[in-house]
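Both backbone and side-chain heavy atoms feed into the values below; hydrogens, waters and symmetry mates do not. Letters go in sequence order (proteins before strands), and every chain restarts at 1.
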2 protein chains.
Amino acid sequence: MSVLRESLDAAFRTAGLRPTAQRYAVLEFLARRPRHATAEEIFHAVNRADPRASRATVYNSLRALAGVGLAREVASEGGAARFEAGLQPHHHFLCDQCGSLEDVPWFELPAGTGAASLGGRAIRGYEIVFRGTCANCEK
Amino acid sequence: MSVLRESLDAAFRTAGLRPTAQRYAVLEFLARRPRHATAEEIFHAVNRADPRASRATVYNSLRALAGVGLAREVASEGGAARFEAGLQPHHHFLCDQCGSLEDVPWFELPAGTGAASLGGRAIRGYEIVFRGTCANCEK
DNA sequence: GTCTAACTTTAGACATATTCTAATTAGTAA
DNA sequence: TTACTAATTAGAATATGTCTAAAGTTAGAC
Ligand SMILES: [Mn+2]
Ligand SMILES: [Mn+2]
Ligand SMILES: [Zn+2]
Ligand SMILES: [Zn+2]
């Protein structure tokens, strides 16, 4: 059993999720691959090799993984939902021209920023979405 | 002709968009309701009274309005796309429990925040998405 | 006002994305 | 192993969004 699989297994047990072959395959794909995959891309990727996973199971697995913080859906505009392994927090950049969705390294909001605007809510996290022209389109 | 309609008309002309009854209806609905409406909600709302607008026209109008900055699609997770009048900038809050999407008053990132992370891109704007438990679910 | 060209709307077909269902399979603990 | 429950499956059903070709509307020239 691979090192990755053992660590995923531990993550599943910690999270109280039954470790199934399909969940392994989905999470492993997200953990290994470039980010922001659609459910359809994941479906095809995990079915290149056994075991197979149905479309419904890809969606179910993504929801289960997201529920325990092992994956997350990325807020985006239009088209299919996109997912990534929920490893390190980071921000996002959305190109107006080509629509690409890129990661931006994490940085904290300075302490207290905007605190006055958030009364009554329990904030568990945040993310900044930048918009503009990506380096490629800028050339 | 109402004051609102005149100001929308001026906005259309400035933007170089032909003012049509359907675009008026869509933008007026968004401007009057402080919500994050789906295309389906807008479709029903503008068809309560004449003139009617087809589904395709609701989508076309939203795209046209968004293209000139009079409306915008809100980045969100799952389900149908949501739109709002593109008036003042603001941030958003997403409740983990009930899924509600709320406005958060605008505040600027302190100058230079994260600048080092964004090299090569032309930033035209940004938005912060907070997550957690809303005031209602918190009780 | 009349004309024309370009733009817009329409209904519904089409395409894509996601959820649901009922039967089957697989994980867990005793 | 056995019993119990959770998870998976294929495909149907639903939800969301785009496209098409014909008909209607707008803007600007005359
Ligand atoms: Mn990302
Ligand atoms: Mn908003
Ligand atoms: Zn780009
Ligand atoms: Zn809530």
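- Using a 4.0 Å heavy-atom distance criterion, Ala81(A) is classed as a sugar-phosphate-only contact.
- For Ala80(B), the listed nucleotide lying nearest its side chain is dT16(D); candidates were dT18(C), dT28(C), dT16(D).
- Rounded to an integer number of Å, the gap from Phe12(B) CZ to dT25(D) P is 17 Å.
- Listed nucleotides: dA11(C), dT28(C), dA10(D). Nearest to the side chain of Ser54(A): dA10(D).
- For the pair Gly79(B) and Arg63(B), both in contact range of DNA chain D, the more 5′-proximal nearest nucleotide belongs to Gly79(B).
- Comparing Leu17(B) and Gly78(B) along DNA chain C, the residue whose closest nucleotide (by nearest heavy atom) sits nearer the 5' end is Leu17(B).
- When rounded to the nearest whole Å, the span between CZ of Phe43(B) and P of dA15(D) equals 15 Å.
- Using a 4.0 Å cut-off, no side-chain N or O of Tyr59(A) falls inside it from OP1 or OP2 of dT19(C).
- In this structure, Phe93(B) has its ring center at least 6.0 angstrom away from the ring center of Tyr126(A).
- Between the CZ atom of Arg52(A) and the C1' atom of dT25(C) there is a distance of 17 Å, rounded to whole Å.
- For Glu138(B) and Arg121(A), the salt-bridge test fails: no basic side-chain N is under 4.0 Å from an acidic carboxylate O.
- Distances shorter than 4.0 Å separate none of the side-chain N or O atoms of Arg55(A) from OP1 or OP2 on dA10(D).
- At dT10(C), one or more side-chain N or O atoms of Gln22(B) fall inside 4.0 Å of OP1 or OP2 (strictly under the cut-off).
- Spacing between atom OH of Tyr24(A) and atom C1' of dA26(C) amounts to 14 Å, rounded to whole angstrom units.
- Between the CZ atom of Arg23(A) and the P atom of dA26(C) there is a distance of 15 Å, rounded to whole Å.
- Electrostatic pairing of Glu73(A) and Arg63(A) does not count as a salt bridge here, judged by no charged N lying under 4.0 Å from a carboxylate O.
- Rounding to whole angstrom units, CD of residue Glu40(A) and C1' of dA15(C) are separated by 13 Å.
- A close approach under 4.0 Å does not occur between any side-chain nitrogen or oxygen of Arg18(A) and OP1 or OP2 of dT8(D).
- Atom pair Arg13(B):CZ and dG28(D):P shows a separation of 8 Å (rounding to whole Å applied).
- Put simply, Thr20(B) has no side-chain N or O that comes within less than 4.0 Å of OP1 or OP2 on dT8(C).
- Between the CD atom of Glu41(B) and the P atom of dG17(D) there is a distance of 11 Å, rounded to whole Å.
- Under a 4.0 Å N-O distance rule, the pair Arg72(A)/Glu84(A) qualifies as a salt bridge.
- In summary, Arg131(A) and Asp96(A) do not engage in a salt bridge, as defined by a charged side-chain N under 4.0 Å from a carboxylate O.
- In this structure, Thr38(B) and Ala21(B) both approach DNA chain D, and ranking their closest nucleotides by distance from the 5' end singles out Thr38(B).
- Aromatic ring pairs are classed by plane angle as parallel below 30°, tilted from 30° to 60° and perpendicular above 60°; the pair His91(A) and Trp106(A) is parallel.
- Each of Ala53(B) and Pro19(A) lies near DNA chain C, and the nucleotide nearest Ala53(B) is the one positioned closer to the 5' end.
- You'll find that the side chain of Asn60(A) is closest to dT8(D), out of dT18(C), dT8(D), dT8(C).
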